[in-house]
There are 2 protein chains.
Amino acid sequence: MVKQERALRTRRALVRAAAEVFAEEGFAPASLTAISRRAGVSNGALHFHFPNKKALARAVEEEALETVRGITGRMSDEEGSALQMLVDVTHGLASRLAEDVVLRAGFGLGRDPSRGRNAGSRLRLEWWKWVEECLRRAERQGLLAGGVSAEGAARAIVATLVGFEVLEAGGDGKGWLSERSVSGFWELMLPRLAERHALASVTSMPTRRDHTGAWRGMTD
Amino acid sequence: MVKQERALRTRRALVRAAAEVFAEEGFAPASLTAISRRAGVSNGALHFHFPNKKALARAVEEEALETVRGITGRMSDEEGSALQMLVDVTHGLASRLAEDVVLRAGFGLGRDPSRGRNAGSRLRLEWWKWVEECLRRAERQGLLAGGVSAEGAARAIVATLVGFEVLEAGGDGKGWLSERSVSGFWELMLPRLAERHALASVTSMPTRRDHTGAWRGMTD
């Protein structure tokens with residue numbers, strides 16, 4: 001293995017280990033020793049890649065942001081119903097959150113008071129802006145029912161997803177991020193949100209799956 | 001001032017100071033010295049009332065639980081639409097969360113990973129059970145539309161309120177717990193949730209206010 005490749009692998013292991021420790025303990029109590037031990041590297045190797053814990057948290061959030069961008073994809077190029085795309089993307093984000101500790105830790109850091117206020121709100125802000133833009137696109141496509149505000153609907157949708165994520169992180173095993181949970185929300189929301197003729201062609205279940213049943217991102 | 005009254009006042013000041021420090025910094029970084037200083041009492045006085053930080057956190061959560069019970073009130077004795085009651089109580093909880101740091105800290109502690117998993121989920125669990133029971137009551141009253149599951153709707157409603165609370169705690173000043181925000185959610189939700197004849201008599205705005213415009217709890 002060449003030196004550069006090994007360094008990259010160590011860095012990745014450190015980001016993942018940091019995400020696990022942040023998700024389990026929170027930012028303030030997380031120790032660099034616990035992180036380097038979990039990554040299977042020395043403290044010196046950790047400090048070669050990251051000067052301090054804040055830098056590690058930023059790396060976790062950057063990787064989480066890339067994941068969110070991979071799920072939301074290239075909206076402007078996308079054909080088809082923006083409403084179905086929104087449903088699909090919330091399913092994609094939820095299922096990815098359930099299995100990807102770096103993504104989960106990225107959102108968790110954004111609401112961790114021990115990091116200081118607003119320290120990590122960029123991830124959430126980008127997600128919020130995307131939901132709102134997607135709803136505006138649905139509006140331009142004539143898919144939103146009369147009297148529905150894209151801004152107001154975006155707030156409710158973003159809040160619900162945040163709630164599912166927080167409740168899942170609580171570890172009660174109630175499947176808050178499950179397909180059933182996300183579909184249940186859309187079943188209640190879509191009849192008011194969608195224009196009458198659009199309602200028939202939008203489903204609360206995810207439509208983007210590959211042949212194995214796994215969810216496919218917009219950029220696949 | 002008699003001795004007992006002074007002790008009670010000191011205890012209350014400590015619970016409030018602890019709630020402020022927990023809400024700002026999180027559980028793990030919060031120091032007992034910072035809490036006693038903010039309450040304006042000595043470390044000795046703090047230890048007279050609370051043996052440790054965990055006991056303070058429990059006291060914050062107990063007070064928050066009492067507040068939630070005051071807002072949800074005596075449901076079984078209550079006449080009238082359980083659906084409107086649910087709308088009213090979510091407004092009541094949201095407005096109280098925006099102004100009551102002990103209530104906010106109570107919910108915050110329940111999702112603080114630095115306290116250990118599930119450490120403070122009792123408050124949230126009780127709130128969830130209340131929402132579900134209220135929806136089952138609406139179902140018995142014939143107010144829920146066909147095909148709506150009380151259990152599924154409860155999950156979506158609980159998640160949205162949790163999301164509003166978490167986003168408000170992020171401190172972005174976007175009014176996540178405002179009346180407009182909560183009403184916006186109900187405007188999207190009620191058309192599917194409510195039986196057609198019930199929809200006309202339920203409003204997304206709170207109906208329980210006194211003459212000053214303040215929200216009235218169910219037990220008032």
Side-chain angles (χ1 to χ4, degrees), chain A residues 22-30 105 107-108 110-121 124-125 128 145 147-149 151-172 174-176 180-193, chain B residues 22-30 105 107-108 110-121 124-125 128 145 147-149 151-172 174-176 180-193:
Chain A
F22 291 150
E24 285 166 23
E25 302 176 14
F27 178 74
F107 277 98
R111 59 180 149 81
D112 189 334
S114 75
R115 269 193 91 205
R117 286 203 142 200
N118 282 322
S121 58
R124 185 153 289 150
L125 197 66
W128 182 16
V148 168
S149 128
E151 191 258 340
R155 292 171 75 101
I157 293 160
V158 165
T160 310
L161 264 285
V162 166
F164 284 150
E165 179 252 315
V166 169
L167 289 160
E168 177 78 18
D172 64 3
K174 301 288 186 186
W176 293 95
R180 191 167 148 252
S181 185
V182 178
S183 296
F185 166 70
W186 284 115
E187 276 160 31
L188 290 166
M189 198 59 119
L190 284 172
R192 174 67 187 102
L193 198 61
Chain B
F22 290 150
E24 284 165 24
E25 303 176 15
F27 178 75
F107 277 98
R111 58 178 150 81
D112 189 334
S114 76
R115 267 194 94 204
R117 286 201 143 200
N118 281 322
S121 58
R124 186 154 289 147
L125 197 66
W128 182 16
V148 168
S149 126
E151 190 259 339
R155 292 172 76 101
I157 293 161
V158 165
T160 309
L161 263 285
V162 166
F164 283 151
E165 179 252 315
V166 168
L167 289 159
E168 178 78 18
D172 64 3
K174 301 288 185 187
W176 292 95
R180 192 167 146 253
S181 186
V182 178
S183 296
F185 165 70
W186 283 115
E187 275 160 32
L188 290 166
M189 199 59 117
L190 284 172
R192 174 66 186 101
L193 199 59

Novice: Check whether any side-chain heavy atom of V166(B) sits under 4.5 Å from a side-chain heavy atom of F107(A), and report yes or no.
Specialist: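 V166(B) vs F107(A): side chains apart.
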
Novice: Checking E165(A) against chain B: side chain, backbone, both or neither under 4.5 Å from a heavy atom?
Specialist: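 The answer is neither part of E165(A).
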
Novice: Is it the backbone or the side chain of W176(A) that comes under 4.5 Å from a heavy atom of chain B, or both, or neither?
Specialist: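 Both parts, heavy atoms under 4.5 Å.
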
Novice: Quick check for you: among V148(B), L161(B), V162(B), which has the greatest number of heavy-atom pairs under 4.5 Å with chain A?
Specialist: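 Greatest number of close heavy-atom pairs with chain A: V162(B).
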
Novice: What is the distance from atom CZ of R111(A) to atom CG of D112(B), rounded to the nearest 0.5 Å?
Specialist: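 Interatomic distance, R111(A) CZ to D112(B) CG, rounded to 0.5 Å: 10.0 Å.
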
Novice: State whether R180(A) and E151(B) are salt-bridged, where the test is any N-O pair (Lys NZ or Arg NE/NH1/NH2 against Asp/Glu carboxylate O) under 4.0 Å.
Specialist: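 Salt bridge: yes.
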
Novice: Mind ranking G26(A), S149(A), A159(A) by heavy-atom pairs under 4.5 Å with chain B and telling me who comes out on top?
Specialist: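 Highest number of heavy-atom pairs under 4.5 Å: A159(A).
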
Novice: Quick check on L188(B) against chain A: is it the side chain, the backbone, both or neither that has a heavy atom closer than 4.5 Å?
Specialist: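 Both backbone and side chain.
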
Novice: Has R155(A) got a side-chain atom pairing as donor or acceptor with K174(B)'s backbone, closer than 3.5 angstrom?
Specialist: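 Confirmed, R155(A) side chain pairs with K174(B) backbone.
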
Novice: Rounded to the nearest 0.5 Å, how far does CZ of F185(B) lie from CD1 of I157(A)?
Specialist: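 The distance works out to 11.0 Å.
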
